[in-house]
Asker: 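Before anything else, here's the structure in question.
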Amino acid sequence: MAANGFDIDLSDYYSIAHLQLTVAKDFEQVSNEEVYQLLLGCRETDYSAILKDVDGAKIAAWWDRAVDIIPANGGKGIGIQKVLEYYHLDKSEALAFGDGNNDIEMLLSVGTGVAMGNASPQLKEVADEICKDVAEDGIYDYCLTHGLI
């Protein structure tokens with residue numbers, strides 16, 4: 001990861017993962033290398049402007065103050081589809097857990113999509129089921145309750 005500047009939103013984003021934001025001194029060089037994902041501080045009202053005249057990219061957002069800009073042919077849902085194809089599994093045989101809007105595509109790519117209790121309202125709308133909050137060991141509890149472990 002390489003940052004080209006500092007602002008409070010980006011610093012807060014890093015702190016979610018217990019990381020400290022450091023501005024890359026060689027950002028120009030890094031930005032000329034192959035880039036797989038961009039993180040951009042913004043709000044939902046900015047999405048259309050961000051992708052205006054952009055081909056081959058899409059927004060995956062899980063936080064209300066930033067987005068991940070990823071290849072249009074990538075993301076969690078595509079990844080799950082590829083794994084299912086590789087192992088010759090049907091969508092109905094797959095289960096996924098999520099808590100943010102960037103998990104919507106993933107939950108729609110499996111037979112059973114489970115939203116965490118702390119999930120965003122939008123994710124809960126598309127989920128097949130809702131389990132306990134992540135802070136309450138929701139995945140463990142769900143798997144235990146459903147005889148998966």
Side-chain angles (χ1 to χ4, degrees), residues 1-131 133-135 138-140 142-143 148:
M1 288 180 65
N4 68 339
F6 177 91
D7 73 18
I8 192 63
D9 288 344
L10 187 56
S11 180
D12 288 350
Y13 187 88
Y14 269 64
S15 70
I16 292 168
H18 307 291
L19 299 173
Q20 185 173 358
L21 171 61
T22 304
V23 177
K25 292 182 172 110
D26 62 344
F27 187 81
E28 252 336 286
Q29 178 185 347
V30 171
S31 66
N32 286 322
E33 296 175 14
E34 195 163 359
V35 176
Y36 299 98
Q37 179 173 325
L38 299 173
L39 167 64
L40 178 66
C42 68
R43 303 296 191 270
E44 190 172 356
T45 55
D46 302 318
Y47 291 4
S48 60
I50 290 167
L51 291 181
K52 185 179 184 212
D53 301 323
V54 174
D55 291 323
K58 65 182 178 183
I59 286 177
W62 66 270
W63 195 44
D64 65 346
R65 293 170 24 201
V67 296
D68 295 327
I69 300 173
I70 61 175
N73 63 350
K76 295 178 181 186
I78 301 291
I80 286 177
Q81 290 172 5
K82 296 290 183 187
V83 169
L84 293 176
E85 287 171 17
Y86 181 84
Y87 287 104
H88 308 288
L89 297 170
D90 186 76
K91 173 182 175 174
S92 65
E93 299 175 273
L95 168 74
F97 296 87
D99 63 0
N101 290 349
N102 64 330
D103 296 325
I104 291 172
E105 180 183 299
M106 177 177 67
L107 264 56
L108 294 173
S109 299
V110 297
T112 305
V114 183
M116 305 300 298
N118 58 291
S120 69
Q122 297 92 332
L123 187 68
K124 287 179 178 178
E125 285 179 25
V126 302
D128 299 303
E129 298 184 47
I130 298 172
C131 68
D133 191 288
V134 68
I139 294 174
Y140 173 77
Y142 180 93
C143 291
L148 301 174

Asker: Can you check whether Ile8's main-chain N or O pairs, donor with acceptor, with Ser11's side chain at less than 3.5 Å?
Answerer: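 Checked: no pair found.
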
Asker: With side chain to side chain contact (heavy atoms under 4.5 Å, CB included) as the criterion, how do Ile104 and Leu123 come out once you've worked through the C-alpha distance, each side chain's angles and the decisive distance to 0.1 Å?
Answerer: CA-CA 6 Å; Ile104 291 172; Leu123 187 68; 3.7 Å; yes

Asker: Which is it for Asp103 and Lys76 under the side chain to side chain contact (heavy atoms under 4.5 Å, CB included) test, yes or no, and what are the steps along the way?
Answerer: CA-CA 7 Å; Asp103 296 325; Lys76 295 178 181 186; 2.5 Å; yes

Asker: Kindly give the heavy-atom pair with the smallest separation between Ile70 and Ala60, and that separation in Å.
Answerer: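 In this case the closest contact between Ile70 and Ala60 is CD1-CB, 4.1 Å.
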
Asker: Kindly say whether Val134 contributes a backbone atom to a donor-acceptor pair with the side chain of Asn118 at under 3.5 angstrom?
Answerer: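 A pair under 3.5 Å: yes.
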
Asker: Evaluate the criterion side chain to side chain contact (heavy atoms under 4.5 Å, CB included) for residue pair Ile80 and Lys91; output intermediate values, then yes/no.
Answerer: CA-CA 9 Å; Ile80 286 177; Lys91 173 182 175 174; over 6 Å; no

Asker: For the residue pair Tyr13 and Trp62, categorise the inter-ring angle as parallel (less than 30°), tilted (30 to 60°) or perpendicular (more than 60°).
Answerer: tilted

Asker: Supply the atom-to-atom distance Leu95 CG to Tyr142 OH, rounded to the nearest 0.5 angstrom.
Answerer: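 One gets 5.5 Å once the value is rounded to the nearest 0.5 Å.
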
Asker: Can you tell if the side chain of Asp9 reaches within under 4.5 Å of the side chain of Arg43, non-hydrogen atoms only?
Answerer: yes

Asker: Distance check, rounded to the nearest 0.5 Å: Glu129 atom CD versus Lys124 atom NZ?
Answerer: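 The CD atom of Glu129 sits 14.0 Å away from the NZ atom of Lys124.
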
Asker: Inspect the surroundings of CD in Gln20 and state if more than 12 heavy atoms from other residues, nucleotides or ligands are less than 6.0 Å away.
Answerer: no

Asker: Can you confirm whether Leu39 sits close enough to Leu10 that some side-chain heavy atom of one is under 4.5 Å from a side-chain heavy atom of the other?
Answerer: yes

Asker: Using the rule given for side chain to side chain contact (heavy atoms under 4.5 Å, CB included), can you reason through Arg65 versus Asp7, listing the C-alpha separation, both sets of side-chain angles and the distance that settles it, and then say yes or no?
Answerer: CA-CA 11 Å; Arg65 293 170 24 201; Asp7 73 18; over 6 Å; no

Asker: Heavy atoms only: give me the nearest Leu84-Ala94 pair and the separation to one decimal.
Answerer: CD2-CB, 3.8 Å

Asker: So, for Ala119 and Gly98, which heavy atoms are closest and what is the spacing to 0.1 Å?
Answerer: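 Heavy atoms of Ala119 and Gly98 come nearest at CB-O, 4.1 Å.
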
Asker: Measure the CD1-CG distance between Ile50 and Leu40 for me, rounded to the nearest 0.5 Å.
Answerer: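 So the gap between those two atoms works out to 4.5 Å.
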
Asker: Any chance CD of Glu93 has more than 12 other-residue heavy atoms, nucleotides or ligands included, within less than 6.0 Å?
Answerer: yes

Asker: Specify the closest pair of heavy atoms between Ala61 and Ala66, including all atoms of both residues, with the distance to one decimal.
Answerer: CB-O, 4.0 Å

Asker: Which heavy atom in Gly74 sits nearest to a heavy atom in Lys58, and how many Å separate them?
Answerer: O-NZ, 2.8 Å

Asker: Which of these passes side chain to side chain contact (heavy atoms under 4.5 Å, CB included) with Ile59: Val67, Leu38, Asp46?
Answerer: Val67

Asker: Would you say Tyr140 has more than 12 foreign heavy atoms packed within less than 6.0 Å of its OH?
Answerer: no

Asker: Locate the shortest heavy-atom distance separating Phe97 from Leu107; write the atom from each residue and the value.
Answerer: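 Heavy atoms of Phe97 and Leu107 come nearest at C-CD1, 4.1 Å.
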
